[in-house]
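Scroll down for the structure; my scribbles are underneath it.
Naming convention: chains lettered A, B, ... in sequence-line order (proteins, then strands); numbering from 1 in each chain. Below, all heavy atoms of this structure are taken into account, side chains as well, without hydrogens, waters or symmetry copies. All figures in this text were calculated on a predicted structure; none of them were measured in a lab.
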Amino acid sequence: MKNNDKLIIGGHEFQSRFILGSGKYSMKLIEAAIRDAGAEIITLAVRRANTKDQESILDHIPEGVTLLPNTSGARNAQEAVRIARLARELGCGNFIKVEIMRDTKYLLPDNQETIKATEILAKEGFVVMPYMYPDLNAARDMVNAGAATIMPLASPIGSNKGLATREFIQILIDEIDLPIIVDAGIGRPSQACEAMEMGAAAIMANTALATAGDLPLMAAAFRQAIEAGRKAYLSGLGRVLTRGASASDPLTGFLRD
Amino acid sequence: MVKVNGTERDIAGKTILEFLAATEYDPKRIAVERNQDIVFKSQYGDTVLEDGDTLEIVSFVGGG
């Protein structure tokens with residue numbers, strides 16, 4: 001399965017279906033996290049620079065790992081476009097996760113502004129991966145705006161609450177002809193596995209690892225869960241009975257009569 | 001005065017290259033925006049800072 005089951009984003013091929021966040025933990029753990037996660041894509045944020053006595057996070061990311069900067073901090077499309085352009089000028093490729101929030105309590109994404117930013121950035125040649133509230137109409141608009149993937153939230157960012165939006169993510173998986181990458185709120189490997197069984201193309205996780213007891217070990221657990229869920233999806237799940245039972249053992253040759 | 005990442009600095013008249021050379025920024029790891037327009041690295045030596053300019057100097061940090 002491994003060799004021909006690839007995740008394709010903006011023409012780039014990936015073997016791994018686990019996108020790793022790099023926030024809220026020591027950059028010294030990043031290398032181990034990437035290794036144990038088997039991740040090929042890692043997200044970053046853009047912020048005002050410190051001076052050179054501070055280490056750069058880039059020193060801890062192995063060559064060959066694709067950087068996925070986000071536009072966190074943006075409150076509207078214009079700010080997201082500005083951050084995306086700065087991220088590209090930092091010289092690490094043209095992938096961008098568009099993340100626009102007006103709401104500071106629940107950190108919910110603003111789909112309308114995200115559609116606008118997606119359109120502008122796709123025209124400028126970015127591989128645009130919009131983070132969104134899972135709404136079919138908005139997702140269709142993002143497809144038309146030139147998105148490379150759709151990244152619906154499972155539950156509020158950083159909450160580790162799991163697949164609160166399960167039914168709506170399933171609709172996106174069924175109806176949108178782009179990779180659906182479940183992003184935000186996935187708190188445990190079992191939830192990542194479930195999303196993959198549903199047909200999600202990949203999982204993005206950060207807080208679930210950053211707040212775990214042993215980060216690299218949890219990265220490995222997520223990796224296995226995501227791989228398991230993918231295999232189950234490719235296999236096709238067994239059916240569920242509406243009622244009753246169905247014996248797994250032969251119904252003949254009993255030691256009776 | 002020129003506002004650099006929110007702090008006023010007395011660097012009007014210098015080029016961006018001259019300003020950066022006198023700081024601890026690692027030029028390979030930053031992007032520079034002047035009055036909300038990106039200044040490409042090739043333009044650092046030709047861009048003279050003017051009184052009232054705003055510079056933003058950014059880099060990558062950990063994030064989700």
Side-chain angles (χ1 to χ4, degrees), chain A residues 19-27 29-30 33 42-61 67-73 78-79 81-92 97 99 107 131 151 157-158 183-185 204-210, chain B:
Chain A
I19 299 178
L20 192 66
S22 64
K24 299 192 289 195
Y25 59 90
S26 162
M27 57 176 87
L29 281 173
I30 284 179
I42 188 163
T43 61
L44 297 169
V46 176
R47 288 292 182 275
R48 282 176 168 169
N50 289 315
T51 45
K52 115 168 108 179
D53 53 345
Q54 310 276 339
E55 278 180 287
S56 168
I57 192 167
L58 297 180
D59 296 331
H60 295 273
I61 300 175
L67 302 186
L68 175 57
N70 66 37
T71 64
S72 67
Q78 192 187 358
E79 291 179 0
V81 168
R82 181 183 173 198
I83 294 167
R85 289 172 180 157
L86 281 166
R88 182 155 68 177
E89 178 58 15
L90 282 165
C92 298
K97 174 182 155 187
E99 180 176 333
L107 302 174
Y131 168 63
M151 301 182 85
I157 287 184
D183 179 6
M204 150 95 210
N206 190 148
T207 302
L209 279 71
Chain B
M1 297 297 271
V2 175
K3 197 182 254 191
V4 181
N5 284 359
T7 304
E8 299 275 3
R9 305 190 60 163
D10 188 15
I11 53 170
K14 292 186 179 184
T15 66
I16 289 179
L17 191 66
E18 288 166 344
F19 162 64
L20 290 175
T23 69
E24 300 288 299
Y25 288 115
D26 179 350
K28 295 190 299 292
R29 294 289 164 79
I30 58 170
V32 177
E33 197 186 54
R34 178 196 186 204
N35 303 330
Q36 302 220 0
D37 287 322
I38 287 176
V39 184
F40 299 107
K41 288 188 170 47
S42 59
Q43 301 168 328
Y44 288 176
D46 304 326
T47 306
V48 179
L49 295 166
E50 291 175 21
D51 199 40
D53 277 356
T54 298
L55 282 190
E56 291 290 342
I57 301 175
V58 302
S59 62
F60 283 129
V61 298

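With a 4.5 Å cut-off on non-hydrogen atoms, B:Val4 does not touch chain A at all. Residue A:Ala210 does not touch chain B at all, counting heavy-atom pairs closer than 4.5 Å. With a 4.5 angstrom heavy-atom cutoff, A:Lys97 touches chain B only via side-chain atoms. If you measure heavy-atom distances from B:Ile38 to chain A, the contacts under 4.5 Å come from the side chain alone.
Nearest heavy-atom pair, B:Ala31 versus A:Leu86, reported as atom, atom and distance to 0.1 Å: CB-O, 3.7 Å. For the pair B:Gly6 and A:Arg48, the tightest heavy-atom approach, listed with the atom from each and the gap, is N-NH2, 3.6 Å.
For A:Asn70, the side-chain hydrogen bond (donor to acceptor under 3.5 Å, both in side chains) partners two or more places apart in sequence, or in a different chain, are A:Ser72. The salt bridge (charged side-chain N to carboxylate O under 4.0 Å, His left out) test applied to B:Asp37 returns no partner, not counting sequence neighbours.
Taking non-hydrogen atoms and a 4.5 Å limit, the residue list of residues 53-64 of chain B in contact with chain A, ordered by number, reads B:Glu56, B:Ile57, B:Val58, B:Ser59, B:Phe60, B:Val61, B:Gly62, B:Gly63, B:Gly64. Taking 4.5 Å as the heavy-atom cut-off, the residues of residues 40-49 of chain B that approach chain A are B:Phe40, B:Lys41, ordered by number.
Interatomic distance, A:Asn50 CG to B:Arg29 CZ, rounded to the nearest 0.5 Å: 14.0 Å.
When A:Ile19, A:Leu90, A:Ile57, A:Val46 are compared by the number of non-hydrogen pairs under 4.5 Å with chain B, A:Leu90 comes out ahead. Ranked by heavy-atom pairs under 4.5 Å with chain B, the list A:Asn206, A:Thr207, A:Leu67, A:Leu44 is led by A:Leu44. Of the listed residues (A:Gly21, A:Ser22, A:Gly23), the greatest number of heavy-atom pairs within a distance under 4.5 Å of chain B belongs to A:Ser22. Highest contact tally toward chain B, considering only A:Ile42, A:Ile83, A:Ile30, A:Leu58, is held by A:Leu58 [criterion: heavy-atom pairs under 4.5 Å].
Surrounding CG of B:Asp10 are at most 12 heavy atoms belonging to other residues, nucleotides or ligands under 6.0 Å away. A 6.0 Å sphere centred on CD of A:Glu89 holds more than 12 heavy atoms belonging to other residues, nucleotides or ligands.
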